[in-house]
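Just so we're clear, the structure is a prediction, and the values are computed from it rather than from any experiment. The sequence lines fix the lettering, A, B, ..., with proteins before strands; numbering per chain opens at 1.
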Amino acid sequence: MKRRLVGLLGLGILIASASALGAAPALKLFERGTWQSVLRGHAGRPTLVHFWGVTCGPCKVELPLLGQFAKDHPGIDVVTISADLVPNLPAATQSMLDKAGLSSTENFIFNDGFVERLRFEIDPGWQGDIPRTVLISRDGTISTIEGSAEMADLEKWSAEQLSTH
Amino acid sequence: MIRNGLLGILALAFLQGAALGQMHGQHASEAACDEPTLRCATKVTPAFGPDGTLWLIWMAGGQVSVASSQDAGHSFSPPVQVTTKRLNLDWGPDARPKIVVDRKGGIALAFSIFRDEAFNGQVLYTRSADGGKSFAELKPITANNESQRFEALALDQDGTVFAAWLDKRNRVPAKEAGRKYEGAGLFFASSRDGGATYAEAGLARDNTCECCRLGLTFAAPGRPAVIFRNIFDGGVRDHAIMTFTDVSTPGEIRHVSNDDWQIDACPHHGPSLTVAPNGIYHVAWYTNGKTRKGLFYAHSRDEGRTFSAPMALGRPDRSPTRPFVLAGPAGTALVWKEFDGEKTSVQMTISRDDGETWSAPKTISSTTDTSDHPWLVSNGRQTYLSWMTKADGYRLTAIEDQP
């Protein structure tokens, strides 16, 4: 009986621990090598990768539009990457993603203070301006939209990707 | 068995906790540590006092501190903390605390904080009248409560302190009138009492890019000059320069370079300006425009009305960033950062003929982890590179000593 109680207690700790993690969910850590894993993980699928940050004014405007785009296009993998390096950021990042309707997409946050190296791995020509949207087609062709994306352009790209399926 | 299982579960819970802790740990941070000390600083700004004392202001551990050095950065006085509590400092890539030291040894400071959870900024300022032993209570530089960031300070010969910053107050009436408001306003204020109080803020230019540092200096007595990323027609975020008629009267906007960078984004990458004693303006900036991409330098011999053809800086395959230009006693020096995939280096070139020709760039410092922007500072006899690095701490390197 006592042993069972101990076991239940342990299970309770595990559940509490897991739910604590679940409460600040799914923000994945973007570190050295993560970019290649993202590319591998979505290979063969049309994927939209959006770089943004909580302190970026144009990002605040674009993020909800992207949330709607993700909802309307389940055939497109949407990945967001918070590229800000303000400390204590995960809560603010998650909150903005939730409000924008992006809770269930694959969401990353930069987790390496050596941000030049992270950016260099993604695109040596990228100096950190955000927002920035990278469109990866089924065949791996990458095109980059610097600044806020026009939703009409995303619609067009999406239609092309889905029509070639 | 069950106990072992419980231990395993507890261990798992601790490991998960540790993993979350690491998420906020130093690997993820730009700082080497989380204390208010210089070693933990992410942004360090230097200034020489009239007696040759080097003053540093830095942000570390959520605090802003000041210290001085009598031996060119080899040793420092015990730091004086300017902030009395841990603040949500503006940690943006182009933000940093500012310092000017006047002829009487008065020290004026300014820096930005995020004052709410929506990352609205506020520019705070303070002053020391006792040679940096103590600082007055922090005050907002303007009574207006809309977002302000990216302050800059410059000191005139007569001790007037001039401040400029980016301010979003004018988006409020625009929004009420149903109009879209792009960017932020370039605002300014001056202080006749060494930075103890500032005059009411004035508008120099509406609709400038809201997320890049400013370059600010005095072009001549009573005439501040500021370079900033403007928003030109069509959303083109190219650089503009303005020389004030006096500290209360903004001048005309001049286009520094027609780069044609049309982008609705935060470049987080502002320009640099210095005006030599002979009145020549030297500017350096980053663009990713249709006309040109990368880091560039140009000079003006007519008070910023026209500029020389932009000269590209750095190796395009090494992501050149964060240019800084300073007209010093031995010439005009330019520094910037380059990244080779593993290391960040500071490159330096110098011109001894007012920007007409430049020496071959050379590496004057490097580091294997994250680093602050390279900054140049002069004591009137020598120009130094001031550079904070996470791996190697703070460095002050005499430019002229470089072979």
Side-chain angles (χ1 to χ4, degrees), chain A residues 2-7 9-14 16-18 20-21 24 27 29 31 53-62 83-92 95-96 109-117 119-121 123-132 146-150, chain B residues 1-3 5-10 12-13 16-17 20 22-24 26-31 42 62 88 90-93 114 117-119 121 149 168 183-184 210-211 235 262-269 286 288 293 316-321 337 339-342 344 368-371 390:
Chain A
K2 191 178 174 186
R3 286 187 169 191
R4 183 181 285 176
L5 191 64
V6 171
L9 181 65
L11 191 62
I13 290 170
L14 180 62
S17 164
L21 284 173
L27 264 188
L29 305 183
E31 297 174 328
V54 296
T55 64
C56 151
C59 301
K60 289 183 188 176
V61 178
E62 185 178 6
D84 258 344
L85 272 178
V86 179
N88 305 317
L89 205 55
S95 166
M96 279 186 68
I109 184 165
F110 268 21
N111 191 54
D112 185 336
F114 201 177
V115 70
E116 286 137 316
R117 191 171 61 192
R119 287 201 296 260
F120 198 84
E121 285 188 357
D123 178 353
W126 178 34
Q127 305 241 344
D129 47 275
I130 46 177
R132 185 179 182 91
E146 295 172 345
S148 302
E150 293 291 338
Chain B
M1 184 67 195
I2 291 173
R3 277 192 185 147
L6 176 59
L7 282 174
I9 288 163
L10 282 172
L12 180 66
Q16 285 168 337
L20 277 179
Q22 275 179 6
M23 185 166 168
H24 305 288
Q26 299 315 332
H27 173 65
S29 168
E30 291 179 286
T42 51
N88 190 13
D90 185 346
W91 291 80
F114 291 124
E117 291 182 358
F119 297 95
R149 293 176 72 190
K168 291 195 169 177
E210 66 269 48
C211 36
Q262 184 180 24
I263 190 169
D264 185 13
C266 285
H268 288 320
H269 206 155
Y286 166 73
N288 199 24
K293 298 175 191 296
D317 61 336
R318 291 197 170 169
S319 196
T321 54
K337 294 206 284 192
F339 182 68
D340 67 3
E342 293 294 332
T344 298
T368 54
D369 204 332
T370 196
S371 57
K390 180 178 176 179

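- Looking at heavy atoms from C-beta onward, B/Cys211 lies out of side-chain contact with A/Cys56 at the 4.5 angstrom threshold.
- Between the side chain of B/Ser29 and the main chain of A/Gly113, no donor-acceptor pair closer than 3.5 Å is present.
- To the nearest 0.5 Å, atoms CZ (A/Arg119) and OG (B/Ser319) are separated by 7.0 Å.
- The distance from the OG1 atom of B/Thr370 to the CZ atom of A/Arg117 is 9.5 Å, given to the nearest 0.5 Å.
- For A/Glu121, no part sits under 4.5 Å from any heavy atom of chain B, backbone or side chain.
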Set out, in order, the CA-CA distance, both residues' side-chain angles and the distance that settles side chain to side chain contact (heavy atoms under 4.5 Å, CB included) for B/Ser371 and A/Glu116, then state yes or no.
CA-CA 9 Å; B/Ser371 57; A/Glu116 286 137 316; 4.3 Å; yes
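- When all heavy atoms of A/Gln127 and B/Pro320 are compared, the pair lying nearest together is NE2-O, 2.9 Å.
- When heavy atoms are compared at a cutoff of 4.5 Å, B/Glu342 approaches chain A by way of both its backbone and its side chain.
- Rounded to the nearest 0.5 angstrom, A/Phe114 CZ and B/Lys390 NZ are separated by 9.5 Å.
- Summarising the geometry of B/Cys266 relative to A/Pro131, their closest heavy-atom pair is N-CD, 4.5 Å, with the distance given to 0.1 Å.
- For a residue to count as touching a neighbouring chain, one of its non-hydrogen atoms must lie under 4.5 Å from one of that chain's; by this rule B/Glu210 touches chain A with the side chain only.
- Contact annotation for B/Asp317: only backbone heavy atoms (N, CA, C, O) come within less than 4.5 Å of a heavy atom of chain A.
- One finds the CZ atom of B/Phe119 at 8.0 Å from the CE atom of A/Met96 (value rounded to the nearest 0.5 Å).
- A distance of 13.5 Å separates CG of A/Asp84 from CH2 of B/Trp91, quoted to the nearest 0.5 Å.
- For B/Lys293, no part sits under 4.5 Å from any heavy atom of chain A, backbone or side chain.
- The salt bridge (Lys or Arg N to Asp or Glu O under 4.0 Å) check on A/Arg132 picks up A/Asp123, A/Asp129, A/Glu146, with sequence neighbours excluded.
- At a 4.5 Å heavy-atom cutoff, the contact between B/Thr368 and chain A is made by backbone atoms alone.
- For B/Asp264, the salt bridge (Lys or Arg N to Asp or Glu O under 4.0 Å) criterion is met by B/Arg237, not counting sequence neighbours.
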